[in-house]
Student: 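Below you'll find the structure I mean.
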Amino acid sequence: MADQYRLFGAELSPYSVKVRSYCRYKDIPHRWIIRSAAVQDEYNKYAKIPIIPLLVTPQDAGMQDSTPIIEQLEARYPAPSIHPADPVSGFLSALIEEFGDEWGNKWMFHYRWAREVDQLSSAGRIARMMMPAADDKQHTQMVAQVRERMVNRVWFVGSNAQTAPQIEASFCEAIEQLDAHLSSRAYLFGARPSFGDLGLWGQIYNAWTDPTPCAFVEGRAPHVLAWVQRMVWPRAVGEFEPWSNLEPTLLPFLERQLGARFMPWTLANAEAIAAGREEFSVELDGHTWTQKPQKYHAKSLQALRAKYAAVTDTSGLDPLLARIGCLHGLQG
Ligand SMILES: N[C@@H](CCC(=O)N[C@@H](CS)C(=O)NCC(=O)O)C(=O)O
């Protein structure tokens with residue numbers, strides 16, 4: 001039996017750095033292994049599907065998918081908990097985790113591949129990671145290959161000429177809302193990192209490594225910038241705050257990003273999958289959004305509904321979820 005976990009991932013993979021920050025916060029002994037051709041055989045032994053992160057346990061079992069990875073580790077390493085004990089904050093943290101993975105990923109992926117400056121920055125770093133010893137000619141070829149492949153995949157997260165301004169408006173508004181919230185606390189739910197921080201941060205951290213969203217964060221959101229850097233190696237500096245403290249500045253973010261955009265989007269996506277449609281359109285915040293359905297997201301909506309159904313005391317939670325426009329979707 002090995003004495004530590006092995007985490008196969010990449011700095012440019014939001015889901016990988018999310019799990020790495022979790023392991024760092026919890027002091028879980030692990031080795032970060034950059035996925036490259038040099039470790040491909042070892043990766044193949046454990047990966048069931050070709051995605052990162054891949055976590056290999058000391059008992060030699062492979063685990064994939066960042067949300068269940070963290071949930072299983074949390075059961076094994078319960079302290080310090082990433083779940084606020086208060087039922088309102090506890091569920092909102094899980095909801096924000098899901099929002100980060102699903103909607104935050106649109107921000108990240110769109111900005112990464114929309115403009116030439118970001119395409120070149122990202123493709124350059126990915127090519128260098130894949131072939132660290134490549135000479136200039138090989139590197140240039142690899143950059144062109146990565147760039148072409150990824151630019152042609154942005155439609156997958158719903159980024160297109162119609163939705164691009166909506167994705168960017170959502171990102172800019174969210175960053176300003178988060179900046180106000182983080183101006184008087186270290187993390188989303190107070191003085192310790194939560195599940196919600198991890199999911200949201202993985203995407204915003206990655207966006208921050210690309211020139212265009214980096215300029216927005218660095219120019220407009222000093223408190224988000226500090227949080228982005230803090231979350232690379234998170235440490236508790238106190239306790240979770242009561243919901244009443246968090247509400248004034250977290251509510252606008254929940255209403256505008258989760259209620260006005262993410263929830264109607266995820267419901268329309270799930271409905272389109274159930275109906276076997278090739279494409280769907282939905283009104284989000286007064287704008288028409290059209291894309292091909294994303295299959296994985298229907299599963300994560302089911303998982304989110306199961307988490308909501310498991311909350312025993314919903315007396316404080318339900319009025320709030322109704323207010324932010326998320327209750328009907330969670331009740332299914
Ligand atoms: N739901 C998965 C998503 C993982 C994922 O999409 N990983 C991306 C990188 S961020 C990936 O490996 N994509 C396949 C590829 O790049 O070949 C999770 O939370 O771990």
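As the structure lists them, so they are numbered: ligands from 1, and atoms in each ligand from 1.
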Student: What protein heavy atom is closest to atom 14 (C) of ligand 1, reported as residue, atom name and distance in Å?
Tutor: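 Answer, as residue, atom name and distance: P50 O, 3.6 Å.
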
Student: Are any of the N/O atoms on T67, whether in the backbone or the side chain, positioned under 3.5 angstrom from an N/O atom of ligand 1?
Tutor: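 No, no N or O pair falls under 3.5 Å.
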
Student: Just one of F262, W289, F253 clears the ring pair (Phe, Tyr, Trp, His ring centres under 6.0 Å) bar with W103, so which one?
Tutor: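 Considering F262, W289, F253, a ring pair (Phe, Tyr, Trp, His ring centres under 6.0 Å) with W103 is found only for W289.
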
Student: So if I count the atoms of ligand 1 from 1 in the order they appear, which ones are less than 4.0 Å from some heavy atom of P53?
Tutor: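 Going through ligand 1 atom by atom, the ones under 4.0 Å from P53 are 20 (O).
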
Student: When rounded to the nearest 0.5 angstrom, what is the spacing between OG in S300 and CD in Q294?
Tutor: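 S300 OG to Q294 CD: 9.5 Å, rounded to 0.5 Å.
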
Student: Side chain, backbone, both or neither: which part of S16 has a heavy atom under 4.0 Å from ligand 1?
Tutor: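 It is neither; nothing of S16 touches ligand 1.
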
Student: Within the structure, does S66 bring an N/O atom to less than 3.5 angstrom of an N/O atom in ligand 1?
Tutor: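 Yes, since at least one N or O of S66 sits under 3.5 Å from an N or O of ligand 1.
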
Student: With sequence neighbours left out, what residues match Y205 under ring-ring contact (aromatic ring centres under 6.0 Å, His included)?
Tutor: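 ring-ring contact (aromatic ring centres under 6.0 Å, His included) check on Y205 returns W201, W208.
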
Student: Taking atom CZ of R323 as the centre, does the number of heavy atoms from other residues, nucleotides or ligands within less than 6.0 Å exceed 12?
Tutor: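 Open: at most 12 neighbouring heavy atoms sit under 6.0 Å from CZ of R323.
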
Student: Do R230 and D197 sit within salt-bridge range, that is, some charged N less than 4.0 Å from a carboxylate O?
Tutor: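 No salt bridge links R230 with D197.
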
Student: What's the shortest distance from atom 1 (N) of ligand 1 to any protein heavy atom, and which residue and atom give it?
Tutor: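 Sorting protein heavy atoms by distance from atom 1 (N) of ligand 1 puts D65 OD1, 3.1 Å first.
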
Student: With a 6.0 Å cut-off (strictly less than), is the heavy-atom count around OH of Y296, excluding the residue itself, greater than 12?
Tutor: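 Yes, the 6.0 Å shell around OH holds more than 12 heavy atoms from other groups.
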
Student: Using a strict threshold of under 4.0 Å (side-chain N to carboxylate O), is an ion pair present between E176 and R256?
Tutor: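 Between E176 and R256 there is no salt bridge, as every charged N stays at least 4.0 Å from the carboxylate O atoms.
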
Student: Suppose I only count heavy atoms of S13 and a 4.0 Å limit; which atoms of ligand 1 are within that range?
Tutor: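 Taking each heavy atom of S13 in turn, ligand 1 has 9 (C), 10 (S) under 4.0 Å.
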
Student: Does atom 12 (O) of ligand 1 have a protein non-hydrogen atom under 4.0 Å from it?
Tutor: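 Yes; the ligand atom in question has protein heavy-atom contact below 4.0 Å.
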
Student: Taking atom 7 (N) of ligand 1 as the point of reference, which of V17, I52, I49, I126 owns the nearest heavy atom?
Tutor: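 Looking at heavy atoms only, I52 sits closest to atom 7 (N) of ligand 1.
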
Student: For Y296, counting its heavy atoms only, list the atoms of ligand 1 lying under 4.0 Å from any of them.
Tutor: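 Selected atoms, number and element: 1 (N).
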
Student: Under 3.5 Å, is there a donor-acceptor pair between the R115 and T212 side chains?
Tutor: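 T212 and R115 do not have a side-chain donor-acceptor pair below 3.5 Å.
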
Student: Which ligand 1 atoms are under 4.0 Å away from a heavy-atom of P14?
Tutor: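 Per the distance check, 10 (S).
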
